[in-house]
Amino acid sequence: MSFSDILNRGGSDTPSGVGIGQRIREAFQSTVDLFSGERMGQFGVFLLITFILLAMTAPLLAPYNPDTRHEAEDGSLLRLAEPSGDHLLGTNHEGQDVLSQVLYGTQVSVFVGLFAALIAVFIGTNVGLITAYYGGLVDDILMRLVDIAYGLPFLPFVIVLVFIFGADLFNIVLVIAALLWRDSARVVRAEVLTQKERDYVESAEAIGASDFRILYRHILPNVLPIAFLYIAFAIAYAVIFEASIAFLGYGDPELISWGKMLYQAYTFGAIRFAWWWVIPPGILLMFLVSSVFFIGRTLEKFTNPELRH
Amino acid sequence: MLNIENLHAHYHTDEGTDVHAVDGVDLEVGSNETLGLVGESGCGKTTLAKALIRLLPTNGEIVDGSVNFKETDLTELSDEELRKQIRWTEISMIPQNAMNSLDPVHTVGAQIVQAIRTHEDCSKEEAWNRTRELFEELGLDENRVKDYPHQFSGGMAQRAAIALALCLEPALILADEPTTALDVVVQDQILTMVSELQDEIDSSMIMITHDMSVVSETCDKIAVMYGGNVAEYADSETIIKNPRHPYTLGMRNAFPDISKDTQELISIPGSPPDLIEPEEGCKFAPRCPFAQDECREVTPEPEEFEEGHVVRCHRADEVEYLQEEASKRETWAEMKDDQGDLISATDGGTDE
Amino acid sequence: MSSHQSKMRVENLKKHFTANQGLLDRLLSRGDREVVKAVDGVNFDIREGESFGLAGESGCGKSTLGKTLLNLHDSTDGSIYFDDADITTQTGREDIAFRTEAQLIQQDPFNSINPRYKVFDWVKEPLDVHSLGTRDERTDLVMETLNEVGLRPAEAYASEYPTELSGGERQRVGIARALVLNPSFLVADEPVSMLDVSVRASVLELLNRLKEERGLTTLFISHDLSLLKHMCDRIAIMYLGQIVEVGPARQLINDPQHPYTEALVSSTPIIDPDVERERIRLEGEVPDPINLPSGCRFAPRCPKVMDECWDEEPRMYDVAEEQEARCILHDEAHADKDVSVGGAQATSD
Amino acid sequence: MGLQRYVGRRLVQLVITYWVFLTLLFGIFRLAPGDPTSMYQMDGLSPEARQQILERLGLNDPLHVQYMRFMVDFITGNWGDSFRYGEPVMDIIVIKFWNTVLLMGPAFFLAFAIGIIFGAFMGWVRGTKKEKGGLILTLFARSSPEFWIGIIVLMVFTFQLGWFPSGGIRAPGAEINSFWGRYLAWDFLHHLALPLLTGVIFYMATPTLLMRSSMISVLNSDFVEMKKAEGIPEYIILYKHAARNSILPVTTVVAIVIGLTIGGSLVIETVFNWPGMGREMVQSVTYNDYNVSQAIFFLMGSVVIFMNLVADIAYVYLDPRVRFDEQ
């Protein structure tokens with residue numbers, strides 16, 4: 001690296017040199033480097049990107065409108081048709097194309113997973129940073145809240161809240177996020193407590209750096225790997241909970257989701273015979289969730305070097 | 001009693017290269033003798049000790065050489081033979097950090113009792129009684145045998161670890177930086193006690209440390225290690241007062257002596273080699289003010305000068321010149337200029 | 001004493017910690033909080049341009065004292081005069097001015113640099129925080145400082161992450177960061193104890209050179225008396241939150257006047273096989289600075305303890321030129337006893 | 001002394017948690033749309049009659065009066081009547097509570113027992129093919145929602161192999177003579193097998209993974225190396241030292257897994273038509289049957305809170321460092 005590169009790197013608009021954005025970018029870069037040689041992690045990343053692409057292109061890829069009720073040649077509803085050239089994954093009890101439904105279902109799971117996780121970890125990371133750094137009463141009260149949140153049975157709580165606020169996709173996202181933040185808050189807090197004891201924080205205090213600077217420029221970049229890890233876990237939980245809510249019949253009635261497809265298949269008794277209706281949404285659910293767990297495995301090695309061997 | 005011949009121990013890295021942590025070590029330890037193993041971090045002293053009782057981590061391996069202990073080659077024994085015949089009954093260890101070396105969920109006494117009963121056929125009461133006696137001997141309250149490690153202070157934990165090391169009266173004790181983590185007062189108490197007890201049970205010891213003053217006071221023989229080799233080996237007095245290896249000379253310069261009123265501390269430039277697939281040549285040559293072409297091209301072999309004084313250096317025969325020049329600041333400073341600006345002022349010498 | 005210009009004067013400084021308890025404990029407890037008296041009534045002054053050594057065993061409060069002097073801890077009681085201004089009462093901008101004057105060099109080179117910062121950013125940060133100079137000026141200053149601490153070529157080091165550097169190099173980066181604000185006072189807390197022996201000397205050499213060239217005043221904290229003897233003009237010995245002896249470095253080591261100093265010196269191993277040391281064995285270890293005994297704090301371990309030692313805390317006595325010790329052996333009432341505790345250390349020079 | 005104080009402090013925490021939990025419970029169900037009368041509305045309920053019902057149920061009182069009454073009633077076990085069944089909630093729930101406990105309790109304990117053994121094994125053989133295979137299987141198990149595992153289990157064991165019944169708690173027409181006769185029967189176990197298997201597969205992933213990573217870090221610790229140097233046989237190092245220390249962090253996820261288990265009962269009971277609390281709760285929420293869903297929610301929360309307390313106290317017993325630091 002040449003000298004001018006150094007200067008360019010140091011040259012963001014803020015008077016304080018390297019911006020927070022770049023630090024996050026660098027943390028991200030080191031996270032990317034981490035995946036080299038990690039086959040499980042790479043597989044996870046590949047799967048997750050595939051799912052995101054599928055979600056974005058579902059309307060293009062889906063052969064039919066998922067709501068269309070197809071009819072057989074004799075004009076009757078094409079119910080529970082086995083997979084064929086026209087319907088690669090057959091049809092369901094209302095003659096709708098399973099493949100198209102599965103593709104559209106990707107959108108719900110990916111959307112809920114990503115958004116709920118980002119909101120939850122954003123809240124959790126900030127709560128963790130602030131409580132751990134300032135301690136005292138703020139810490140006491142917020143951590144008691146986290147304890148209480150752990151004392152609530154998660155799924156029943158989500159269902160009651162979704163029922164109360166309405167089974168709208170955004171509500172589902174918000175309710176899941178409102179309950180999931182506790183995980184990342186607790187872990188980030190623990191990590192900040194150890195980072196806080198490290199000498200570089202003292203060094204920042206000694207030069208007169210502000211609390212904000214210490215929290216967001218010094219400590220945050222060092223807890224980002226663990227925040228990324230908890231984004232991965234939060235995605236997994238959010239996807240599972242959304243699917244569970246839908247399976248119990250409390251999902252957004254306007255949308256097609258994998259959980260809802262399985263709910264319909266199950267209540268119709270289709271698991272006895274119509275495998276083509278049951279297996280695809282279930283398998284995809286499993287793969288979507290496992291993709292983030294595989295990524296999480298690799299991130300975990302980063303946060304806990306002892307797991308490398 | 002212990003005779004190490006041409007020992008090579010390597011660590012395999014993820015990149016497929018080998019770190020030659022111990023690279024052809026020859027050493028001897030006589031009975032009731034204390035050998036000091038001195039060197040800086042990464043010189044292979046701890047690897048050597050672990051290789052002796054085959055405790056290398058999974059990526060470590062003894063690739064060549066032999067460790068002859070009382071006429072048995074330890075590298076040839078099966079794991080089970082080694083465990084039953086050698087470990088703890090013949091060779092025990094005093095760790096650097098006693099607190100971490102004791103299992104936190106069992107009492108200290110129970111761990112000593114376990115070690116005794118694993119190797120000796122004796123009743124529980126007898127083992128506990130012996131443990132209490134050991135505690136007494138090490139200046140610990142015998143009622144604390146039922147305490148957990150974390151209830152001990154650092155010094156007490158170290159004593160407990162020594163009790164554990166001595167419980168089977170082994171023939172050889174490996175002490176890996178046994179007092180580095182302690183304050184000087186406690187260090188002094190413990191070193192004195194270890195020496196006394198060692199005499200009492202008539203065992204030998206290998207004391208690993210980076211502290212020249214500790215080995216000078218405690219050990220009969222000293223081996224100075226550098227880059228996986230023994231650079232110089234002799235009795236303590238010779239190593240301290242009449243060393244021949246430039247590295248030993250440099251270390252003497254860098255070490256402050258409390259008994260002196262004026263002393264110029266001189267550092268050795270550069271930093272230790274990384275030992276990944278080392279090339280031919282003396283490993284100290286890049287930092288040595290006396291290095292010549294031969295030093296950079298040919299690996300020096302150990303050579304015996306006076307009785308028992310073994311040196312690995314091509315120029316060890318010019319002892320007077322070396323000792324004279326090495327005590328001057330300019331020698332080490334001048335040498336830096338030959339190496340170029342980067343290495344000159346720093347100790348780092350990263351490969352730029 | 002008056003002939004010396006004082007850089008930092010400390011009067012009756014105290015730093016007590018109360019065990020951190022949670023909300024619930026506070027509600028439930030009946031006021032039985034444990035107080036750790038890490039620094040408990042310390043007086044000394046550091047003269048302009050000198051190297052002042054602070055020694056003691058772990059847990060004696062020397063690091064806490066160092067950090068309190070830098071205003072990194074709020075003091076519980078007492079005053080710290082820095083260039084004749086009391087910094088314990090300063091806040092806001094004055095504090096910021098003090099921050100540029102007094103800097104810290106830390107012990108652990110592997111922990112003291114934020115692993116996410118490059119050397120350049122790390123050394124430049126103090127300038128950013130205090131908004132000093134234009135961007136170009138900052139860059140020049142950083143490069144100059146890197147050169148000064150021996151990280152040459154500075155350009156090559158500037159773009160490195162700390163993980164790519166050796167311990168000695170990192171310690172130099174830490175020194176550069178402390179120097180970039182051009183301070184007049186440094187607290188060096190065990191600056192070489194984590195480094196290899198062969199490297200230590202070069203870092204010490206650098207600190208000595210900076211002291212000469214920049215006229216820095218340094219507080220040198222270490223547990224290693226041999227090192228302090230070679231680095232410092234004067235040394236203070238701490239025990240359980242108090243200074244028990246202070247005096248010129250060589251004089252204090254060669255002829256200690258407090259039984260604790262004597263024991264510390266006599267426990268230090270000597271490399272020269274010709275010098276025999278007289279060992280004074282102390283019983284036990286440094287206790288926690290909670291529930292301190294009345295009277296002399298060292299009494300429970302002191303080999304020379306007398307009945308009077310338990311009565312009240314001894315004051316500092318003048319024991320030799322510029323040397324003071326906190327021990328009633330030096331009280332006139334004991335003039336008949338053998339007070340010459342020194343001479344334990346044979347000297348070879 | 002120290003231990004008592006710790007337990008005492010923990011009990012005070014428990015009371016606070018309970019209080020917040022009950023307040024939340026009260027608040028949430030007051031917020032819920034509709035009221036118990038809505039299910040009668042389609043029958044042409046007159047406004048007067050509706051007011052009468054609300055009056056009888058005390059739903060017209062000021063909020064703080066309702067809150068006080070709610071708190072007192074809940075603490076004294078007076079949970080009111082079900083709007084839907086017209087019977088005391090207690091009577092409806094008791095049997096369902098036991099049905100759930102007998103399903104989820106064993107699932108929870110088996111998941112931990114198997115997970116700890118399996119995880120310890122994976123940690124011990126770290127770096128081998130066996131470990132990697134086990135890890136991938138565990139990750140897939142953890143990635144499957146309970147209902148999906150349940151569906152697969154049903155498809156395989158019931159519809160393909162026909163070994164087990166598809167749901168319910170006993171065969172139609174089976175006679176019940178007593179409380180114990182209800183559960184100590186081959187028929188019950190036959191019905192229990194599949195839902196239990198589903199629960200164990202899902203819940204064991206967390207303890208397994210944690211035990212594995214905890215085991216790996218313990219195996220890297222100094223004292224394990226020391227025990228090897230002492231010549232202690234490997235199997236003793238494995239169970240007496242490595243596994244014993246590795247279990248400590250695993251106990252900290254008991255709370256999380258309990259929460260998952262209780263929540264999971266909703267799903268598993270729905271899949272297998274198990275007449276437990278979870279399925280009852282899902283139904284009562286749909287029917288605005290406040291009293292029932294409140295009571296079930298309260299019971300579920302109580303189990304979680306209580307098990308957290310047990311786990312915390314167990315941790316104190318397992319780790320001498322905590323036990324003695326409190327003194």
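Both backbone and side-chain heavy atoms feed into the values below; hydrogens, waters and symmetry mates do not. To find a chain, count down the sequence lines: A is the first, B the second, and so on, and within it residues start at 1.
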| field | Heavy atoms from other residues, nucleotides or ligands near CZ of Phe122(A) exceed 12 (cutoff 6.0 Å) | value | no

| request: Taking all non-hydrogen atoms of both residues into account, name the closest pair between Pro115(C) and Asn222(A) and its distance. | output: CG-OD1, 3.3 Å

| Nearest atoms (heavy-atom pairs only) where Gln106(C) meets Asp199(A) | NE2-O, 2.8 Å

| Atom CG in Asn111(C), atom OG in Ser203(A): separation rounded to 0.5 Å? | 11.5 Å

| task | Give, for atom CZ of Arg116(C) and atom CZ of Arg217(A), the distance between the pair rounded to the nearest 0.5 Å. | result | 16.0 Å

| said: Quick check for you: to the nearest 0.5 Å, what is the distance between Leu181(C) atom CG and Ile207(A) atom CD1? | reply: 7.5 Å

| remark: Okay, Gln103(C) and chain A: the region with an atom under 4.5 Å from a heavy atom over there is side chain

| task | Would you indicate whether Phe111(A), at its atom CZ, is surrounded by more than 12 heavy atoms from other residues, nucleotides or ligands within a distance under 6.0 Å? | result | yes

| His73(C)-Glu205(A) side chain donor-acceptor pair, cut-off 3.5 Å | no

| request: Quick one: sort the His218(A) and Tyr117(C) rings into parallel, tilted or perpendicular, breaks at 30° and 60°. | output: parallel

| note | Okay, Gln195(A) and chain C: the region with an atom under 4.5 Å from a heavy atom over there is neither

| How about Phe46(A): does its CZ atom have over 12 heavy atoms from other parts shown lying under 6.0 Å from it? | no

| query | Which bit of Leu70(C) is near chain A, if near means a heavy-atom gap under 4.5 Å: side chain, backbone, both or neither? | reply | neither

